[in-house]
Amino acid sequence: MIEKRDFYINGAWVPPLVANDCPVIDPSTEEVCAVISLGSAADADAAVAAAKAAFPAWASTPPAERLALVERFLAIYESRLDDMARAISLEMGAPIDMARASQATSGNWHIRNFITAFKSMEFIRPLGPHAPNDRIALEPIGVVGLITPWNWPMNQVSLKVTPALLAGCTMVLKPSEESPLSSLLWAEMMHEAGFPPGVFNLVNGDGAGVGARLSRHPDVEMISFTGSTRAGKAISLAAAETLKRVTLELGGKGANLIFADADDKAVERGVRHMFNNSGQSCNAPSRMLVERPVYDRAVEIARSVAESTRVGPASEPGKHIGPVVNKRQWDQIQGYIAKGIEEGARLVAGGLGLPDGMNKGFYVRPTVFADVKPGMTIEREEIFGPVLAMIPFDTEAEAVAIANDTPYGLTNYVQSQDGARRNRLARQLRSGMVEMNGQSRGAGSPFGGVKMSGRAREGGHWGIEEFLEVKAISGWDSTRD
Ligand code: NAD
């Protein structure tokens, strides 16, 4: 077992240059479950130097060689899925069955989809028959800094590390200090897979330390970031000095438009989706917009789903939801619930305080507000907890206007049996993704948003292209292809 305080730099586990212990808190119990070290700027510099030294050789490997290593990594990852699920469950509170079924497995799902996309990509190709001596080459951007959050740790790490590896980039990963254990395990597997030293490096740390250093570092060509809009702005500003490419995957305030002709399960599905991962998903359908004739019935269904949603420790098997990640997040959610009540929304389930019978752990009562008005704080801001806002509407145009009147634009949802309406709305909703009638996006579909949700596109060939530069070449000797 590795020492959790160590970083993975240049193919070896190394202690921090300056000791700076940081406890990892199990959100189910509030107990310390591990101790990591927060790196300093000097640790970040050492990792960047290793990545820089490894770049020329890794960038010039034949694509098939990179693919073979990623495939070897995938096999190792799949053989250790249970360890991964346990690490995630412990560090951020996902119930163990859910951690097994979706948190850990999001990693291999993305890796597989990247492998498929990669196999069909051409890294050097003709511009067209009109310019026989032109070539378009796709080349790795260089050393990349990858900064990830705690809510879906392996989802986000796999969405960044895999395409960077396939593209031929070398990298420094800084996972969230709230959920470092899964990434330490990921690094162990990278080592076992046998990637050349310096290709993948991991330094734990916080945003102000390692995160800020990577964002400013002159040898880092790109930052790929997932997390809060606040940090996304700070990173963009810091990265401007060296004109890095910055890709941002930020928050959301998704609308779920439920029409009177929606299928019978649409409301229940929407509420459960909102509560999944204790509401800590950027694409959560947090605003449920319901057509007036079925609104009262929808509120009743939402109340009953919320009241029957069990809350419990992450280590327990079952379909309950776990705690939220930390005290700060818990306090913030309580603040939003109080604000909803104060601004006049109708509390129909859940509310302030810990669920009945609980006195420890960062547990939130599954909460539903009805009669939420556009413009209320709980309608505008991302809560990142199990709190649903329900809003009635009378016309399709009104629903679209409410859905689009948000600073965010990640995922919107539509529930209707009318195919023409669904297709119309899919084009009118301002977001990077639209999911309808409970159908999730297919393998290789790009994940990303517009407006304050950031403008990254992760997954499939779009996700690999984010790590590539396009080079235009003329005068190519086409007899020597
Ligand atoms: P955060 O943005 O503070 O942290 C995410 C990552 O960014 C972490 O690794 C953190 O160390 C790093 N970071 C923070 N500030 C940084 C900076 N100035 N420079 C470089 N790196 C920095 O998110 P959080 O505090 O973990 O959560 C706060 C809010 O972020 C949540 O309430 C939620 O709204 C949002 N969030 C969104 C997502 C998403 O997937 N869209 C994920 C997690 C959190």
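Computation of the quantities below employed the complete heavy-atom set of this structure, encompassing side-chain atoms and omitting hydrogens, waters and symmetry-equivalent molecules.
- A heavy-atom distance below 4.5 Å is not found between the side chains of T247 and I223.
- Salt bridge status for K319 with D97: absent, with no side-chain N to carboxylate O gap under 4.0 Å.
- Around the NZ atom of K52, the shell of radius 6.0 Å holds no more than 12 heavy atoms that belong to other residues, nucleotides or ligands.
- The salt bridge (Lys or Arg N to Asp or Glu O under 4.0 Å) test applied to R216 returns no partner, not counting sequence neighbours.
- Judged purely by atom type and a 3.5 angstrom limit, S183 has no side-chain atom pairing as donor or acceptor with the backbone of W186.
- With hydrogens and angles ignored, the 3.5 Å screen pairs a side-chain donor or acceptor of T367 with a backbone N or O of G351.
- With hydrogens and angles disregarded, a donor-acceptor distance shorter than 3.5 Å links the side chain of E30 to the backbone of G361.
- In summary, R86 and D83 do not engage in a salt bridge, as defined by a charged side-chain N under 4.0 Å from a carboxylate O.
- The OG atom of S37 sits 6.0 Å away from atom CG of D21, with the distance rounded to the nearest 0.5 Å.
- Annotation: salt bridge (Lys or Arg N to Asp or Glu O under 4.0 Å) contacts of E381 (sequence neighbours excluded): none.
- Within the model, atoms CG of L352 and CG of L347 stand 8.0 Å from one another, a figure rounded to the nearest 0.5 Å.
- Residues D6 and V14 have side chains not in contact (no heavy-atom distance under 4.5 Å, counting atoms from C-beta outward).
- Crowding of K360 atom NZ: a count of heavy atoms from other residues, nucleotides or ligands under 6.0 Å exceeding 12.
- Between K244 and E241 no salt bridge is recorded (no basic side-chain N to carboxylate O distance below 4.0 Å).
- Once rounded to the nearest 0.5 Å, the distance linking OG1 of T229 with CG of L250 reads 4.5 Å.
- A345 approaches I378 most closely through the heavy-atom pair CB-CD1, 4.1 Å.
- Applying the side chain to side chain donor-acceptor pair (under 3.5 Å) test to residues at least two apart or on different chains, none of the pairs has a partner in residues 195-212.
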- Does the pair R365 and V311 meet the rule for a side-chain contact (heavy atoms from CB on, under 4.5 Å), with working shown? CA-CA 7 Å; R365 302 170 68 190; V311 182; over 6 Å; no
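- H461 and F114 have their aromatic ring centers separated by at least 6.0 angstrom.
- The side chain to side chain donor-acceptor pair (under 3.5 Å) search around E343 returns T377, not counting sequence neighbours.
- In this structure, the side chains of R287 and I402 come closer than 4.5 Å at one or more pairs of heavy atoms.
- Here the closest heavy-atom approach between residue P153 and residue E91 is recorded as CG-OE2, 3.6 Å.
- Salt bridge annotation for E469-R245: present, with a cationic side-chain nitrogen under 4.0 angstrom from a carboxylate oxygen.
- The two residues A306 and V368 come nearest to each other via the heavy atoms CB-CG2, 3.8 Å.
- Going from atom CG of L184 over to atom CE of M189 covers 11.0 Å, rounded to the nearest 0.5 Å.
- Under a 3.5 Å cut-off, the side chain of S453 and the backbone N or O of G409 do form a donor-acceptor pair.
- Closest non-hydrogen pair, G322 versus P95, comes out as N-CG, 3.5 Å.
- A heavy-atom distance below 4.5 Å is found between the side chains of F467 and V144.
- Side-chain contact between P196 and L69: present, with at least one pair of heavy atoms (C-beta onward) separated by less than 4.5 Å.
- Of all non-hydrogen atoms in A314 and A94, the two that sit nearest each other are CB-O, 3.5 Å.
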Exercise for review: In sequence, state the C-alpha distance, the side-chain angles, and the governing distance for V32 and I25, and then conclude on side-chain contact (heavy atoms from CB on, under 4.5 Å).
Suggested key: CA-CA 5 Å; V32 175; I25 308 292; 4.0 Å; yes
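- W330 places a side-chain N or O within 3.5 Å of a backbone atom of Y363 that can act as its donor or acceptor partner.
- Checking side-chain atoms of T170 against main-chain N and O of A51 turns up a donor-acceptor pair under 3.5 Å.
- Nearest heavy-atom pair across M171 and V161 is SD-CG1, 3.7 Å.
- Under the salt bridge (Lys or Arg N to Asp or Glu O under 4.0 Å) criterion, R66 pairs with no residue, sequence neighbours left out.
- Taking 4.5 Å as the limit, some side-chain heavy atom of F7 sits within range of a side-chain heavy atom of P16.
- Taking NZ from K174 and OG1 from T148, the interatomic distance works out to 6.5 Å, rounded to the nearest 0.5 Å.
- Looking only at distances, no side-chain donor or acceptor of Q103 sits under 3.5 Å from a matching main-chain atom of N277.
- Using cut-offs of 30° and 60° on the angle between ring planes, the pair W13 and Y8 is tilted.
- In terms of modelled atom types and a separation under 3.5 Å, the side chain of N412 and the main chain of N256 share no donor-acceptor contact.
- Looking at E466, its side chain never comes within 3.5 Å of a backbone N or O of A456 through a donor-acceptor pair.
- Checked by atom type and distance alone, the side chain of S431 pairs as donor or acceptor with a backbone atom of M433 at under 3.5 Å.
- Between W58 and L165 the shortest side-chain heavy-atom distance falls below 4.5 Å.
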| task | Just do the side-chain contact (heavy atoms from CB on, under 4.5 Å) check on W152 and Q280 with the steps written out, would you? | result | CA-CA 8 Å; W152 284 90; Q280 304 166 112; over 6 Å; no
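- For W150 and F384, the gap between ring centers is short of 6.0 Å.
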When you look at R213 and D45, which way does the side-chain contact (heavy atoms from CB on, under 4.5 Å) test go after all the steps?
-> CA-CA 8 Å; R213 179 63 186 158; D45 289 353; 2.6 Å; yes
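- Here the straight-line distance linking atom OG of S176 with atom CD1 of I147 works out to 11.0 Å at 0.5 Å rounding.
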Identify all side-chain donor-acceptor contacts of residues 437-448 below 3.5 Å with residues at least two apart in sequence or on another chain.
residue	atom	partner	partner atom	Å
N437	OD1	S416	N	3.0
N437	ND2	S416	O	3.0
R441	NE	E435	OE2	2.9

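- Tested against V48 for a side chain to side chain contact (heavy atoms under 4.5 Å, CB included), the candidates D43, V203, D219 yield a single pass: D219.
- Note on R430 versus D405: no salt bridge recorded, every NZ/NE/NH1/NH2 to OD/OE distance being 4.0 Å or above.
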Exercise for review: Mind running salt bridge (Lys or Arg N to Asp or Glu O under 4.0 Å) on E78 and R112 for me, showing each step along the way?
Suggested key: CA-CA 11 Å; E78 291 190 329; R112 279 186 183 285; 2.9 Å; yes
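- A side-chain N or O of K160 and one of T226 form a donor-acceptor pair less than 3.5 Å apart.
- Considering only heavy atoms from C-beta on, F200 comes within 4.5 Å of L202 through its side chain.
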